Amino acid sequence: MKREKAYKRLIRQLYGVKKKLAKDDHDASLIHEKKTINQKLHLLRKKYGLTEFASHAWVKPIRAHFHNQVNAAVAQKIASRAWLTFQ
């Protein structure tokens, strides 16, 4: 995902908008632009399977590898914590 031109462009735009918002945090057009960029980034992350629920799916085979010794709730909690560090 990081090699995709669309991702790089969105990150640059987001950085620029955040920089402008630091100077004028009440500009409605900049706030709207930031929201649209974040929505586009969310769709791109979803395309590549980089969501919290996808991390829960990643844990399932690992849990099965250890013969389900780890409780499902614990495995999901670990996946959520890993997602938070990634995010």
Side-chain angles (χ1 to χ4, degrees):
M1 180 180 81
K2 285 187 173 184
R3 292 181 183 171
E4 195 168 310
K5 286 183 181 181
Y7 176 78
K8 290 178 183 179
R9 186 180 66 247
L10 287 171
I11 292 297
R12 269 184 281 149
Q13 288 175 351
L14 185 63
Y15 178 74
V17 168
K18 283 184 177 181
K19 198 172 183 181
K20 289 178 185 176
L21 274 173
K23 294 177 184 174
D24 183 19
D25 60 345
H26 297 297
D27 190 357
S29 63
L30 288 176
I31 293 171
H32 178 69
E33 188 176 350
K34 182 181 173 187
K35 282 184 181 181
T36 57
I37 292 170
N38 280 331
Q39 287 173 348
K40 289 177 183 178
L41 280 171
H42 178 71
L43 290 174
L44 196 59
R45 288 181 184 125
K46 202 174 197 181
K47 174 184 169 185
Y48 284 96
L50 293 173
T51 62
E52 183 175 1
F53 297 112
S55 68
H56 291 193
W58 300 334
V59 168
K60 283 183 185 180
I62 296 169
R63 186 174 166 252
H65 176 74
F66 291 105
H67 308 289
N68 294 332
Q69 297 263 337
V70 177
N71 188 350
V74 172
Q76 285 184 349
K77 186 101 67 181
I78 291 170
S80 293
R81 282 182 134 184
W83 173 254
L84 287 174
T85 57
F86 171 75
Q87 195 180 28

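Keep in mind the model is a prediction, meaning the values are calculated, not measured.
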- To the nearest 0.5 angstrom, please state how far the OG1 atom of Thr36 sits from the CG atom of Leu41. 10.0 Å
- Message: For a quick test of reading the model, state the closest non-hydrogen atom pair linking Gly49 to Ala54 and the distance between them.
- Response: O-CB, 3.2 Å
- Keeping the roles fixed (side chain from Arg63, backbone from Val70), state whether a donor-acceptor pair exists under 3.5 Å. yes
- Message: Using 0.5 Å steps for rounding, measure from the CG atom of Asn38 to the CG atom of Leu10.
- Response: 9.5 Å
- Go through His56 and Ser80 one step at a time and tell me if the side-chain contact (heavy atoms from CB on, under 4.5 Å) criterion holds. CA-CA 7 Å; His56 291 193; Ser80 293; 3.0 Å; yes
- Message: Taking the basic N atoms (NZ, or NE/NH1/NH2) and the acidic carboxylate oxygens, is any pair closer than 4.0 Å for Glu33 and Lys20?
- Response: no
- Query: So if you build clusters from Ile, Leu, Val, Met, Phe, Trp, Tyr with side-chain heavy-atom gaps below 4.5 Å, do Ile78 and Leu50 land together?
  - Reply: no
- Item | Point-to-point distance, once rounded to the nearest 0.5 Å, from NE2 of His65 to NE2 of His67 | 7.0 Å
- Query: side-chain contact (heavy atoms from CB on, under 4.5 Å) between Tyr15 and Ile11: does it pass, once the steps are laid out?
  - Reply: CA-CA 6 Å; Tyr15 178 74; Ile11 292 297; 5.5 Å; no
- Going only through I, L, V, M, F, W and Y residues with side-chain contacts under 4.5 Å, is there a path from Phe53 to Met1? no
- Query: Does the side chain of Val74 reach to within under 4.5 Å of the side chain of Lys77, using non-hydrogen atoms?
  - Reply: no
- About how many Å separate CD of Glu52 and CH2 of Trp83, when rounded to the nearest 0.5 Å? 8.0 Å
- Query: Would you say Tyr48 has more than 12 foreign heavy atoms packed within less than 6.0 Å of its OH?
  - Reply: yes
- Task: Evaluate the side-chain contact (heavy atoms from CB on, under 4.5 Å) criterion for residues Leu44 and Lys47: first the C-alpha distance (whole Å), next the side-chain angles of each, then the deciding distance (0.1 Å), finally the verdict.
- Result: CA-CA 5 Å; Leu44 196 59; Lys47 174 184 169 185; 4.3 Å; yes
- How long is the span from the CD1 atom in Ile37 to the NE2 atom in His42, to the nearest 0.5 Å? 16.0 Å
